[in-house]
Amino acid sequence: MSVPSTGEERRAELAANLAQVRARIAAATAAAGRPEGDVDLVVVTKFFPASDVRLLAGLGVTDVGENRHQEAEAKAAESRDLALRWHYIGGLQSNKAAAVAAYADVVESVDRPKLVGALDRGAAGRSVDVLLQVSLDPPGRDGRAGADPAELPVLAAAVGDAEHLNLRGLMAVAPLGEDPAAAFDRLARIWHDFLVDHPEATVLSAGMSGDLEQAIAAGATHVRVGSAVLGSRRTLK
Ligand SMILES: *Cc1c(COP(=O)(O)O)cnc(C)c1O
């Protein structure tokens with residue numbers, strides 16, 4: 001954002017973007033033959049200030065997502081008076097996991113058993129929802145985030161044993177350079193198999209600004225949308 005805008009201008013901009021995204025979600029939900037309201041929106045506020053989070057809450061947003069611990073922790077603290085659910089969607093280091101579980105309501109990026117104990121300790125006194133992040137990348141790809149589908153049973157068992165964590169579902173990001181529809185179809189099959197043993201895992205978090213339609217067609221129950229609501233992050237640090 002090169003030109004700083006006033007609060008009123010920013011509110012109008014966010015309201016218009018939000019209306020467009022909600023219309024896209026409604027159209028994709030209907031096109032998939034799914035009931036209205038079947039897909040929840042998590043607005044990804046990373047790189048944008050707490051003042052935007054406040055405006056979004058005023059516009060009816062209930063769920064926000066962040067992917068960097070320090071930034072998320074600070075924004076959640078500044079927004080404590082707002083009735084928002086905070087989703088942590090970023091890569092997790094095990095030495096930060098306990099701190100994340102102290103403010104996050106949902107941790108979507110649990111991809112290895114080592115994180116589970118730390119999250120459970122950090123969540124003590126609260127109850128934190130957990131999604132297991134599944135990798136849709138070929139094994140061995142650089143920067144691959146998420147668990148291999150074959151690792152899900154062990155991860156799910158670890159979360160199941162944790163006192164303060166609730167297993168709620170799966171999360172994934174479509175790999176770069178692949179048709180997202182094909183990747184999300186693969187995810188839908190993984191989720192379908194997973195639900196046999198974990199019927200409580202009813203959340204499928206998939207789809208972002210560029211591919212939410214394909215994710216909803218494949219069965220996503222919630223989408224994580226950043227730039228289509230807040231604007232481009234490219235020029236921001
Ligand atoms: C940033 C991010 C999003 C949102 O991406 P947009 O393309 O801006 O909608 C969704 N999910 C994850 C895991 C992200 O890191």
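Each ligand, and each atom within it, is numbered from 1 in the order the structure gives. Note that the structure is predicted; figures quoted are calculated from it, not measured.
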Query raised in the report: Does a side chain donor of either H87 or D105 reach within less than 3.5 Å of an acceptor in the other side chain?
Result: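 Looking only at side-chain atoms, D105 and H87 do not form any donor-acceptor pair under 3.5 Å.
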Query raised in the report: Is there a donor-acceptor contact under 3.5 Å linking the side chains of S227 and S209?
Result: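 Judged by distance alone, the side chains do pair up.
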If you have a sec, work out which protein heavy atom is nearest [atom] and how many Å separate them, to one decimal?
atom	answer
atom 12 (C) of ligand 1	I89 CD1, 3.5 Å
atom 6 (P) of ligand 1	S209 OG, 3.5 Å
atom 11 (N) of ligand 1	R224 NE, 2.9 Å

Query raised in the report: Could R126 and Y103 be counted as a cation-pi pair, given that NZ or CZ must be under 6.0 Å from the ring centre and within 45° of the axis?
Result: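 That pair does not qualify as a cation-pi contact.
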Query raised in the report: Taking all atoms of both residues into account, what is the closest heavy-atom pair of P180 and A174, and its distance?
Result: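 For P180 versus A174, the nearest heavy atoms are CB-CB, 4.1 Å.
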Query raised in the report: For E108, is the nearest heavy atom under 4.0 Å from an atom of ligand 1?
Result: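 False for this residue.
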Query raised in the report: Which residue pairs satisfy the side-chain hydrogen bond (donor to acceptor under 3.5 Å, both in side chains) criterion with at least one member in residues 20-32, sequence neighbours excluded?
Result: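 Listed by first then second residue: R24-E213.
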Query raised in the report: What atoms of ligand 1 come closer than 4.0 angstrom to any heavy atom of V225?
Result: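 Per the distance check, 9 (O).
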Query raised in the report: If hydrogens are left out, which of H87, Q133, M208, K46 has an atom nearest to atom 2 (C) of ligand 1, that is, the closest non-hydrogen atom?
Result: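 Among H87, Q133, M208, K46, the closest heavy atom to atom 2 (C) of ligand 1 comes from K46.
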